[in-house]
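Worksheet for the structure shown next.
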Number of protein chains: 2
Amino acid sequence: MSKKTTIRDVAKYADVSPATVSYVLNGVKKVSEETKLRVLQAIGELNYYPDFTAISLSKRKSNLIGIVFSLIDNSFAEVMRENPYYNEMISGIEIVARKKNFDILITGIGNIEEYRSWVKKRNLDGLLFLGLFPPKLYNEMKKIDIPIVLIDTYEEYTNVYKNVNINDELGGYLATKHLVDLGHRNIAFVATNIKVSLVDERRFQGYKRALNEAKIPFNNNLFFETLLNFEGAITFESGYKIGEQILESRENITAIVTISDIYAIGIINALQKHGKRVPEDYSVVGFDDISMCNYILPSLTTVKQDIFNKGEEAAKMLIDAIEIPSSKPKSIELPVKLIVRDSTKPL
Amino acid sequence: MSKKTTIRDVAKYADVSPATVSYVLNGVKKVSEETKLRVLQAIGELNYYPDFTAISLSKRKSNLIGIVFSLIDNSFAEVMRENPYYNEMISGIEIVARKKNFDILITGIGNIEEYRSWVKKRNLDGLLFLGLFPPKLYNEMKKIDIPIVLIDTYEEYTNVYKNVNINDELGGYLATKHLVDLGHRNIAFVATNIKVSLVDERRFQGYKRALNEAKIPFNNNLFFETLLNFEGAITFESGYKIGEQILESRENITAIVTISDIYAIGIINALQKHGKRVPEDYSVVGFDDISMCNYILPSLTTVKQDIFNKGEEAAKMLIDAIEIPSSKPKSIELPVKLIVRDSTKPL
DNA sequence: CTGAAAGCGCTTACAG
DNA sequence: CTGAAAGCGCTTACAG
């Protein structure tokens, strides 16, 4: 194996100093056209690629973005495993990161100590947080002086960090309004946990607004939560269990609003396995519009959000913040849209 | 913002040289118990975290593993987007990487030039390739002197690199045998492209072996391919289209073997939308056993592979190779298992 | 057992 | 417009 080509080799070859090579590489200072050409040619002939590690060390900038997942069982396994949601998001992030010459590092964070050491060790330029984290972590974040963009989080943190969200309240409203318009009155709402997930809380507000407008009183027996703490993932399995609870309910439920397509699919499966039909017996609305929605029977009515674009926007925001460090906290709110398919029908 | 704590600060605080701090950090050479204690304490009190960038530069080792996806449209978007397969795999990789103090960098590779510069720039310690790449890339790989583990690839490359696979031939055999045992004779086989994907080719061999054993002649009209080149992703959509082709077939097909659950689900959807029933009119077998298989109706009979474990094994193999560079090319073949659910029935 | 010094491959005031 | 030199934060022969 040959020795690595360094800036010094290029300098020697082009008969200039390493500093000059660095100048042309960085487009800094005025280097004469003639010299620049010689250097560029040397770079080409020697097949030279600058070493990012060295650049990071001397520039104090790594061109590395960390994507942080909340953890379960010491791996982001559970969170990502079933839900194509995260695939899409990461895809969006990656595409803009690469365009801007950043690489992405993915990790799950199990505890604060792990987080702290990880960020410090790697000299990350910026961080993207996906989803919900324990409050302690947000405090820890403040101590670390790099740009952070939060995705799918609300409330107190919003005022401190940048973030990108969708109009969750409207999403909950549209889903519910759709069912109300179809004549449904006993509409269940299925969330993870609205105390813990402010995203779900907003959607729940939208649900209540739609009921309110239709003069339908809120009935707490129609409200279902799947999780008790931060450690829950959205899985088909927990959707399925909620489906069974709905079957046991005495509230004469005819329609169901959920905060995730995964839940909706799990619920529908439970209903169908117990001999109920969708949408004849129950109308069901999902949330997200993952591609699968089109390929189950019945196809799933859902609130669409552009997850890929969410990833893109978050990455752009972060990279902007990295490049112009003065930028202030701000929020982007992306639109949502109701997609009507075959899992809902008039009562 | 306070200045970063360096090894020098620690050294000063503990009243030793930076070299000594480095020794205790690396557990190298014998440092006296007493000195070591002082250093450790200084590290704790100053809240010191070694800078990986600096370590990388001086050790010539980044503790970074690259996960490389094959690309479409300049992002790994399409490949990953619909298929939870990759989630699981990455989860498995991440969990062992983190345990061993490696971080993972994710990228898609659009062209060779991009690949080359990416690997060189980042001083990656090792590479994991997911899926299929153009032959040119394999040649390029050889030139770069770092450990590589290929996942889901076969043939000439196998002899050069390490890789982890499953017993694909057996998978194809088990799926087909199951249908044969149920009395089916006209069994379709759906692949991406067996010229391009040796994985699919092996499964196809298994399919033919099962037919052979049952004295059923191979009928080329029962063989369906979805892709024409390297650029295809496995999507519900292409499964759906194959489903429509199957409906149009005059071969009196009663059963279908596929190389992916995603295809199977797309196919079933097409069949159902056109008024056919599964398994009454068609028995369908998937491949992979993604979690969704349990939550569609009918639940999907499939060939299970442990994707998570595949990721773990690949990461272990790679890290071993990084730590003991002498290790030779080798292969791991993971088992497969038929999971019978409701999408298949006796003819 | 411990430390001074050179080096990893780049960047960047500073001087000319 | 160009270069010598110091520095980024570590590691590692080498010497003692």
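Within every chain, numbering begins at 1; the chains are lettered A, B, ... in the order of the sequence lines, protein sequences first and strands thereafter.
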Distance test, side-chain N/O of Ser58(B) to OP1/OP2 of dT11(D), below 4.0 Å: no
Protein-nucleotide distance (Asp51(A), atom CG; dC10(D), atom P), rounded to Å: 17 Å
Donor + acceptor pair across side chains of Asn47(A), Lys120(B) (<3.5 Å): no
Of the listed nucleotides dT2(C), dC10(D), dG9(C), the one nearest the side chain of Thr6(A): dG9(C)
Nearest-angstrom distance from the residue atom CG of Asn26(A) to P of dA13(C): 12 Å
Euclidean distance, atom CG of residue Asn123(A) to atom P of dC10(C) [Å, nearest integer]: 18 Å
N/O (side chain, Thr20(A)) to phosphate O (OP1/OP2, dG3(D)) under 4.0 Å: yes
Closest-nucleotide 5' rank along DNA chain D - winner of Glu34(A) and Ile55(B): Glu34(A)
Pairing partner (Watson-Crick or G-U wobble, both distances under 3.5 angstrom) of dA4(C): none
Value in whole Å for how far the P atom of dG9(D) lies from NZ of Lys61(A): 17 Å
Atom-pair distance (CZ on Arg122(B); P on dC8(C)), nearest Å: 21 Å
Closest-nucleotide ordering on DNA chain C, the 5'-leading residue of Arg60(B) and Asp15(B): Asp15(B)
Euclidean distance, atom CZ of residue Arg8(B) to atom C1' of dG9(D) [Å, nearest integer]: 7 Å
Ser32(A), nearest nucleotide to its side chain (from dT2(D), dG9(D), dT11(D)): dT2(D)
Given dC8(D), dT11(C), dC10(D), the nucleotide with the shortest approach to the side chain of Ile7(A): dT11(C)
Touch class at under 4.0 angstrom, heavy-atom based, for Thr35(B) against every strand present: sugar-phosphate
Complementary nucleotide of dA13(D), counting Watson-Crick and G-U pairs under 3.5 Å: none
NZ/NE/NH1/NH2 to OD/OE distance under 4.0 Å, Glu312(B) and Lys316(B): no
Length of the line joining Asn63(A):CG and dC10(C):P, which is rounded to integer Å: 15 Å
Val24(A) side chain near Val16(A) side chain, heavy-atom distance below 4.5 Å: no
From dC10(D), dA5(D), dG3(C), nucleotide with atom closest to Ala19(A) side chain: dA5(D)
No-hydrogen, no-angle side-chain donor-acceptor test under 3.5 Å, Thr20(A) and Ser17(A): yes
Listed nucleotide nearest any side-chain atom of Ser22(A), set dC8(C), dT11(D), dT12(C): dT12(C)
Ring-ring centroid check Phe69(B) Tyr86(B), cutoff 6.0 Å: yes
Base dG3(D) to side chain Tyr23(A), donor-acceptor N/O within 3.5 Å cut-off: yes
Side chain of Tyr48(B) (C-beta onward), nearest among dC10(D), dG3(D), dT11(D): dC10(D)
Sugar-phosphate only, base, or nothing, as touched by Val21(B) at under 4.0 Å among non-hydrogen atoms: nothing
Proximity to the side chain of Leu57(A) - top-ranked nucleotide from dT11(D), dT11(C), dG9(C): dG9(C)
Atom-to-atom span, CZ of Phe52(A) to P of dC10(C) - whole angstrom: 11 Å
N-O pairing of Glu313(B) and Lys310(B) below 4.0 Å: no
Rounded distance in Å between the C1' positions of dT12(C) and dG16(C): 16 Å
